[in-house]
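See structure below.
Heavy-atom basis, side chains included; hydrogens, waters and symmetry copies ignored.
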Amino acid sequence: MTTHLNVTTHSFTDCRAQATALAERVAERLRHGLAERGHAVLAVSGGSTPKDFFAHLSREKLDWARVQVTLVDERWVAETDERSNARLVKSLLLQHAAAAAQFIPLYTGDATPEAGLATASARIDALPLPFDAVVLGMGDDGHTASFFPGGDHLAEALDLDGHARVLPMHAPGAGEPRITLSLPTLLETRALYLLVAGEKKRDLLADARLGLGAARDYPVRAVLTQQRVPVAVYWCP
């Protein structure tokens, strides 16, 4: 384990150990929330990296019926689409013991994220924030959540003084239109995790944290350099 200012990195020799360790840690945060407040709230990311983490977390024993699960961001596609983050979460995380959890989707069925923005924002406003845990991922382009380089609402999404909880996002590297929680919303959490795999992403994170070269403009740098919430990076080869 290494610590640099607000970022602590937990390195593992294989990704199964990484997934198990993070699942145990997040389950501990959820149990703590349940014991203290009678409820717990979790926000997770999609993509391929968290699949093993979801599978392990789904079997953790806790009172899932009092846990609400939502997404950090979502592609603006129906849950039947294989690209849907909601579909991924339902098929891998909301299984076994975790099947009892309540899922709060960001996708609304409206034609565009702009059209569904008010509904999605109301859903997040209704959650008993702060989150107990937020789990982020990162792309090879340095995006996290739907904070994509060149995104049409990127500056607003990363504004620590901004008031929008949820924003639409269109970007060259995003594929579909997206909807995303803003950085201030993500930082309304008791624990913030960044789940990454591969040497390329390990090096990218190091450069982004230090502001080296092109990485000083990577959106993930805003997460790594903010001082509101410590960031725990879970990395495997």
Quick one: does [X]'s side chain have a donor or acceptor within less than 3.5 Å of a partner on [Y]'s backbone?
| X | Y | result |
| --- | --- | --- |
| Asp110 | Thr112 | no |
| Ser45 | Val72 | no |
| Arg66 | Asp63 | no |
| Ser11 | Trp235 | no |
| Lys200 | Asp140 | no |
| Asn6 | Val229 | yes |
| Ser58 | Ala55 | yes |
| Glu82 | Thr80 | no |
| Arg178 | Arg75 | no |
| Arg190 | Pro130 | yes |

Least distance between heavy atoms, [X] atom then [Y] atom:
| X | Y | answer |
| --- | --- | --- |
| Pro168 | Glu114 | CB-OE2, 3.6 Å |
| Ala86 | Glu74 | N-OE2, 2.9 Å |
| Ala174 | Arg83 | O-NH2, 4.2 Å |
| Val223 | Val231 | O-CG2, 3.6 Å |
| Gly137 | Thr144 | O-OG1, 2.6 Å |
| Leu34 | Ala40 | CD2-N, 3.9 Å |

field: side chain to side chain donor-acceptor pair (under 3.5 Å) assessment of Ser146 paired with Asp73
entry: CA-CA 6 Å; Ser146 281; Asp73 68 322; 2.6 Å; yes
**Asked** More than 12 foreign heavy atoms under 6.0 Å from CZ of Arg16: is that the case here?
**Response**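 Counting other residues, nucleotides and ligands, CZ of Arg16 stays at 12 neighbours or fewer.
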Look at the side-chain heavy atoms of Ile, Leu, Val, Met, Phe, Trp and Tyr, link any pair under 4.5 Å apart, and say whether [X] and [Y] land in one connected group.
| X | Y | answer |
| --- | --- | --- |
| Val7 | Phe12 | yes |
| Leu192 | Leu160 | yes |
| Phe103 | Val135 | yes |
| Val77 | Ile104 | no |
| Phe131 | Leu94 | yes |

Would you say [X] and [Y] make side-chain contact, with heavy atoms under 4.5 Å?
| X | Y | result |
| --- | --- | --- |
| Leu195 | Leu136 | no |
| Thr8 | Pro230 | no |
| Met1 | Thr9 | no |
| Pro219 | Leu154 | yes |
| Val41 | Val67 | no |
| Leu181 | Leu106 | yes |
| Leu42 | Asp132 | no |
| Leu194 | Val196 | yes |

Please assess Val233 against Leu205 for the test side chain to side chain contact (heavy atoms under 4.5 Å, CB included), listing each intermediate value before the final yes or no. CA-CA 9 Å; Val233 175; Leu205 273 176; 3.9 Å; yes
Spacing of [atom1] belonging to [X] relative to [atom2] belonging to [Y], to within rounding of 0.5 Å:
| X | Y | atom1 | atom2 | value |
| --- | --- | --- | --- | --- |
| Thr70 | Asn85 | OG1 | CG | 10.5 Å |
| Met138 | Leu224 | CE | CG | 8.0 Å |
| Leu57 | Leu22 | CG | CG | 8.0 Å |
| Asp152 | His170 | CG | NE2 | 5.5 Å |
| Glu79 | Leu88 | CD | CG | 11.5 Å |
| Leu129 | Thr189 | CG | OG1 | 9.0 Å |

> Stepwise, does the side chain to side chain donor-acceptor pair (under 3.5 Å) test hold for His39 with Gln102?
Replying inline: CA-CA 11 Å; His39 61 260; Gln102 179 188 4; over 6 Å; no
Taking the six-membered ring for Trp, is the centroid-to-centroid distance between Trp76 and Tyr107 below 6.0 Å?
-> yes
- request: Check the pair Trp64, Leu62 against side chain to side chain contact (heavy atoms under 4.5 Å, CB included), reporting the backbone distance first and the verdict last.
  value: CA-CA 6 Å; Trp64 283 102; Leu62 54 95; 3.6 Å; yes
Q) Between the side chains of His96 and Arg59, is a donor N or O closer than 3.5 angstrom to an acceptor N or O? A)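 Yes - a donor-acceptor pair under 3.5 Å links their side chains.
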**Request:** State, without any angle test, whether His56 and Gln18 hold a side-chain donor-acceptor pair at a distance under 3.5 Å.
**Result:** no
As a quick check of understanding, evaluate salt bridge (charged side-chain N to carboxylate O under 4.0 Å, His left out) for Arg31 and Glu28, giving each step before the final call.
CA-CA 5 Å; Arg31 290 190 192 99; Glu28 182 182 330; over 6 Å; no
Q.
My understanding is that only one of Glu188, Gln68, Arg165 makes a side-chain contact (heavy atoms from CB on, under 4.5 Å) with Leu127; could you say which?
A.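 That would be Gln68.
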task = Identify which one of His153, Glu156, His143 satisfies the side-chain contact (heavy atoms from CB on, under 4.5 Å) criterion when paired with Met169.
result =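 The passing option is His153.
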| request: Show your working on side chain to side chain contact (heavy atoms under 4.5 Å, CB included) between Phe147 and Leu183 and close with a plain yes or no. | output: CA-CA 9 Å; Phe147 307 153; Leu183 181 56; 4.2 Å; yes
Exercise. Between Tyr193 and Tyr234, how do the two ring planes meet: parallel, tilted or perpendicular, split at 30° and 60°?
Worked result: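 Judged by the thresholds at 30° and 60°, the geometry between Tyr193 and Tyr234 is perpendicular.
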Q. Step by step, would you call Arg221 with Arg209 a side chain to side chain contact (heavy atoms under 4.5 Å, CB included)?
A. CA-CA 6 Å; Arg221 177 169 163 76; Arg209 181 178 53 79; 5.6 Å; no
